[in-house]
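All values below were derived from every heavy atom in this structure, side-chain atoms included, with hydrogens, water molecules and symmetry-related copies excluded. Numbering of residues begins at 1 and proceeds along the displayed sequence.
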Amino acid sequence: PELTGRENIFLNGAILGMSRTEITDKFEEIVEFADVGLFIDTPVKRYSSGMRVRLAFAVAAHLEPEVLLVDEVLAVGDAAFQRKCIGKMSEVAGHGRTVLFVSHQLGMIRTLCDRAVLLDSGRIVMDGDSEDVIERYLASADQGAAQHAAVKYVPDVTKWAAFRSLAIRDERGNPAAQFDVFDQIRFSAEFVLHKPIEGACISISVERNGLVLFRSFDTDASPERIAFRPAGEYRASVTFPSPLKAGLFTVSAMIGIPNVETIDRKTNALVFSVEERSFDASLRSYAGRRSGVMAAHLMWDVTHKRSGTS
């Protein structure tokens, strides 16, 4: 820490096996990548934690290593630095070298890795396709929290709005926590407004395996609702788009005035799963291997025109 950024580049480069000539040749590139040029002659003890990590990654990434081990470096950088890191790691991998990326940032793992290894207490639990391993990780993380399709609340009378109940229901209207990919899934809510209000709405956020699938407001198709609502009890429901891909889903619900205040929020209040139980072989691929966050079931119009006829 007493050494400057410049001295640390030469020190770290030497420790990692670079000659002084190699370090000199790559010096400007390393400094530009780390974006610490104004402070390159400042002792590293004056650097923020993010500046230190950027400098360390820049040195390691420019060594042209056979194996690049990256541990949570993207957690400390800003958006621009993260994009540079992703680009550099992709460049390293593209030249036939190995990038070992250690992280709990599932979105980054999805973006960067085609293979993942799940560890528990230092032991390999699963080794395979990234999406499959992520689903296994999320499933194990949620084992302690049982799937629940319906919850009730005692409304807080000190707030102008509050939920009474939330539920995930099947096509018969019964609370359910397990569905097939082609089942109808419906969300319902009961809430109360303790006073007349302008600009209020309720919204839900649906996540699949930790990734936001969509967010919906009860005013999306009915903007007149946001103008004014009288006090009283309300019921609301909405059918989710179908089919959903197999996975573990969570639903969060909010009441408030958009961009102004949130009065009642129930985070991950409902948990349900979608499984691949359909037996039609032409549809089974929806739930598993198709890319994207939803399995788009589109109705195609296909015609065949023979030569000389129609």
Side-chain angles (χ1 to χ4, degrees), residues 1 8 11-18 33-34 44-45 47-79 81-148 207-212 245-250 267-268 271-276 287-289 291 293:
N8 267 281
L11 175 63
N12 282 294
I15 291 173
L16 294 171
M18 297 174 69
F33 189 96
V44 168
K45 67 180 181 181
Y47 284 19
S48 68
S49 58
M51 292 170 66
R52 294 188 189 192
V53 171
R54 292 206 305 269
L55 186 61
F57 180 86
V59 174
H62 288 80
L63 285 177
E64 299 182 358
E66 289 301 314
V67 179
L68 178 61
L69 175 61
V70 183
D71 186 0
E72 296 286 16
V73 66
L74 299 182
V76 297
D78 57 21
F81 179 69
Q82 289 185 14
R83 286 194 294 270
K84 287 198 293 187
C85 286
I86 292 171
K88 192 63 179 179
M89 286 188 279
S90 298
E91 177 186 326
V92 171
H95 285 82
R97 300 192 293 273
T98 299
V99 178
L100 181 57
F101 180 55
V102 185
S103 181
H104 291 94
Q105 299 181 72
L106 304 185
M108 288 297 182
I109 292 176
R110 285 188 176 98
T111 300
L112 292 171
C113 307
D114 53 14
R115 174 189 171 198
V117 178
L118 175 60
L119 301 177
D120 185 6
S121 301
R123 296 187 178 186
I124 295 177
V125 175
M126 185 176 180
D127 180 351
D129 178 80
S130 294
E131 191 64 33
D132 293 339
V133 174
I134 288 171
E135 292 190 12
R136 173 71 175 274
Y137 167 71
L138 291 169
S140 63
D142 286 308
Q143 281 179 350
Q147 297 175 25
H148 42 282
E207 295 187 7
R208 173 184 177 271
N209 296 345
L211 184 67
V212 175
K245 295 178 70 174
L248 187 70
F249 292 77
T250 60
T267 303
N268 297 336
V271 182
F272 67 95
S273 64
V274 173
E275 301 171 356
E276 185 180 1
R289 298 295 180 182
S291 60
V293 294

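Remark: Asp127 CG to Asp132 CG distance equals 11.5 Å, nearest 0.5 Å. Interatomic distance, CZ of Phe57 versus SG of Cys85, reported as 4.0 Å (0.5 Å rounding). The distance from the CG atom of Leu68 to the CG atom of Leu100 is 9.0 Å, given to the nearest 0.5 Å. With rounding to the nearest 0.5 angstrom, the OH atom of Tyr47 is 8.0 Å from the CG atom of Asn8. Taking SG of Cys113 as the reference point, atom CD of Glu131 lies at 12.0 Å (rounded to 0.5 Å). Rounding to the nearest 0.5 Å gives a distance of 9.0 Å between CZ of Arg115 and OG1 of Thr98.
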Got a list of side-chain donor-acceptor pairs under 3.5 Å for residues 89-97, not counting sequence neighbours?
| from | atom 1 | to | atom 2 | distance (Å) |
| --- | --- | --- | --- | --- |
| Ser90 | OG | Ile86 | O | 2.9 |
| Glu91 | OE2 | Lys88 | NZ | 3.4 |
| His95 | ND1 | Glu91 | O | 2.7 |
| Arg97 | NE | Pro65 | O | 2.7 |

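Looking at residues two or more places apart in sequence or on another chain, you find a side-chain contact (heavy atoms from CB on, under 4.5 Å) between Ser48 and Met51. For Arg123, there are no side-chain hydrogen bond (donor to acceptor under 3.5 Å, both in side chains) partners two or more places apart in sequence or in a different chain. Not counting sequence neighbours, Ser130 has no partner by the side-chain hydrogen bond (donor to acceptor under 3.5 Å, both in side chains) test.
A 4.5 Å side-chain heavy-atom check between Leu16 and Val59 finds at least one atom pair inside the cut-off. Using a 4.5 Å heavy-atom threshold, the side chains of Leu119 and Ile124 count as touching.
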Checking side-chain contact (heavy atoms from CB on, under 4.5 Å) for the pair Ile109/Ile134: CA distance, chi angles, key distance, verdict? CA-CA 9 Å; Ile109 292 176; Ile134 288 171; 4.0 Å; yes
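Residue-environment remark: CD1 (Ile15) exceeds the threshold of 12 foreign heavy atoms within 6.0 Å.
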